[in-house]
Amino acid sequence: MPRSVCAFAFVVLLPYWTAFHAVGGNAQDTSFKIPGDSVFVDPRLFSMIGDSNITFRESSFSTFFNPTSTAPPFFQIFDSAFLTILGPNPSIREVASNSTFAFAHEAPVYVSDTNEVFFASNDGGPLGMSDLNHSNVIGKISLTDVDTALAANDSVINVPVMFLDLPKTIQMTNGGTGPYKSSLLLVTFGRGSLPPSIALVNPKAPNNVTVLLDNFFGRQFNSLNDIKVHPSGKLFFTDSE
C-alpha cells in the first residue's frame, strides 16, 4: 500500500491588480480571467441536487469534490474575489514533508513579524503521535528559509520544522487564527482531565501562554474545534459534540 506522507505546501502568489474581463473556466459563463492551474466552479450549480440522477458523495475523505475532473494539484475557485489573492500566476510547491509524522494538520497562522507559518500536528491518527497520554504539537517553518531554498532549487525542497515547547494548558490544538493582539489564537480539544480551552500563544520565544476561557459557567466544553475573529473584535468558536 502507498505510504502516507505529511507535507506542507507553499502557495506562491503574485500581486494581481488587473481587472478581470475575459472568460474562462467551466461550461458556464464567467466574466473574469482564470489563471493557469485553476478552475472555476459556480456554487449555484450545486446548491440543490434534489432527486436527479447525480449520486451524493458518501465521504469527504475518499471522494473529493472535483466536478471538472481536473488532475491535481490545482486551485478550485468558487468566487471571483479569490482572484485578488490568487494572482495571475499561482503555483504550488511542497516545501516540508515527513513520511512518519503528520506534523502539519491544521490551524495554520501566518505571522508577518517573524515571517513564519505556525500549524498544529494531527491530534490522533496513525501518524499523529498523540493520544490520551500525549498531546499534539505546534510547529512552525520560516518562509525566509523557504524563499532561500526555492531560489536555490527548482525541484524538491524540505525546510526544517521547529516545534514549540508549550505548557500543559495547551492540549490537542485543533483550530487557530491570528495574529490576534500579536499572538496566535488557538482552540484545543483538551486531553484527559485537562479541559478544552481558548488561548493566546506568543509566537516569539519563550512562547508564553494566556488561557482566555476553559469553561462555560462551570461546565467543561466538549471539544473546541475552530475559532475566528469577527471584524467587531468578538470571538466566534465551535464546540463539537
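Keep in mind that what you see is a predicted model, and the values were worked out from it rather than measured.
- Taking the side chain as every heavy atom from C-beta outward, Asn115 and Tyr110 approach each other to under 4.5 Å.
- Between Phe65 and Phe46, the distance from one ring center to the other falls under 6.0 angstrom.
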Please lay out, stage by stage, how Leu224 and Thr188 fare under the test side chain to side chain contact (heavy atoms under 4.5 Å, CB included). CA-CA 6 Å; Leu224 296 181; Thr188 72; 5.7 Å; no
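- Atom CG of Leu150 is separated from atom CG of Asp145 by 11.0 Å, given to the nearest 0.5 angstrom.
- Listed here is the closest heavy atom pair of Ser121 and Gly128: OG-O, 4.5 Å.
- Note: Glu116 CD to Ser142 OG = 6.0 Å, rounded to the nearest 0.5 Å.
- Taken from OG in Ser183 to CG in Asn202, the straight-line distance is 5.5 Å, to the nearest 0.5 Å.
- Here the CZ atom belonging to Phe82 is positioned 10.5 Å from the CD atom belonging to Gln76, to the nearest 0.5 angstrom.
- For the pair Val209/Leu200, no side-chain contact is recorded, criterion being any heavy-atom separation below 4.5 Å from C-beta on.
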Test side chain to side chain contact (heavy atoms under 4.5 Å, CB included) on Leu127 and Phe101; report intermediate values, then the result. CA-CA 5 Å; Leu127 297 179; Phe101 178 36; 5.8 Å; no
Could you please spell out the steps behind the side chain to side chain contact (heavy atoms under 4.5 Å, CB included) verdict for Val95 and Asn158? CA-CA 5 Å; Val95 297; Asn158 195 357; over 6 Å; no
Take Glu58 and Thr63 through the test side chain to side chain contact (heavy atoms under 4.5 Å, CB included) and record every step on the way to the result. CA-CA 7 Å; Glu58 298 296 330; Thr63 307; 5.9 Å; no
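- Open room surrounds CZ on Arg219; 12 or fewer heavy atoms of other groups in view lie less than 6.0 Å from it.
- Contact detail for Pro88 and Pro90: the closest heavy-atom pair is C-CD, 3.5 Å.
- With rounding to the nearest 0.5 Å, the separation of CG in Asn225 from CG in Asp239 is 8.5 Å.
- Side-chain contact between Pro35 and Leu86 is present, with at least one heavy-atom pair separated by less than 4.5 Å.
- Contact check for Lys140 versus Val161: no side-chain heavy atoms found under the 4.5 Å cut-off.
- At distances below 3.5 Å, at least one donor-acceptor pair connects side-chain atoms of Thr148 with backbone N or O atoms of Thr144.
- The minimum heavy-atom distance between Lys204 and Thr114, with the atom names listed, is CE-CG2, 3.9 Å.
- In this model, no donor atom of one side chain and acceptor atom of the other lie less than 3.5 Å apart for Ser130 and Ser135.
- Side-chain atoms of Val187 and Thr173, non-hydrogen and from C-beta on, never get closer than 4.5 Å to each other.
- Within a 6.0 Å radius of CG in Asn153, more than 12 heavy atoms belonging to other residues, nucleotides or ligands are found.
- Scanning both residues, Ser182 and Pro203, for their nearest heavy atoms gives O-CD, 3.3 Å.
- Residues Phe119 and Ile138 fail the side-chain proximity criterion, which asks for heavy atoms closer than 4.5 Å.
- Linking ILVMFWY residues whenever their side-chain heavy atoms come closer than 4.5 Å, directly or via other members, leaves Phe189 and Leu166 in distinct clusters.
- Side chains of Phe74 and Ile92 form no contact here, defined as non-hydrogen atoms less than 4.5 Å apart.
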For Phe237 and Phe221, what are the C-alpha separation, side-chain angles and deciding distance, and is it a ring-ring contact (aromatic ring centres under 6.0 Å, His included)? CA-CA 11 Å; Phe237 57 94; Phe221 293 110; 5.8 Å; yes
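- Cluster annotation: Leu235 and Phe216 are assigned to the same hydrophobic cluster (Ile/Leu/Val/Met/Phe/Trp/Tyr, side-chain heavy-atom contacts under 4.5 Å, transitive).
- With respect to Pro196, the side-chain contact (heavy atoms from CB on, under 4.5 Å) criterion is satisfied by exactly one of Gln171, Gln220, Met172: Gln220.
- Met162 and Phe103 are not part of a single hydrophobic cluster, where members link through side-chain heavy atoms under 4.5 Å apart.
- Minimum interatomic distance between Leu186 and Gly176 (heavy atoms only, all atoms of both residues): CD2-CA, 4.0 Å.
- Considering all non-hydrogen atoms of both residues, His134 and Met129 come closest at CB-O, 4.1 Å.
- At least one side-chain heavy atom of Leu185 sits less than 4.5 Å from a side-chain heavy atom of Ile227.
- No path of Ile, Leu, Val, Met, Phe, Trp and Tyr side chains, each step under 4.5 Å between heavy atoms, connects Leu213 with Val211, placing them in separate hydrophobic clusters.
- Under the side-chain contact (heavy atoms from CB on, under 4.5 Å) rule, Asn136 has a single partner from Asp123, Ile170, Asn122, which is Asp123.
- Rounding to the nearest 0.5 Å gives a distance of 10.0 Å between OH of Tyr180 and CD1 of Ile198.
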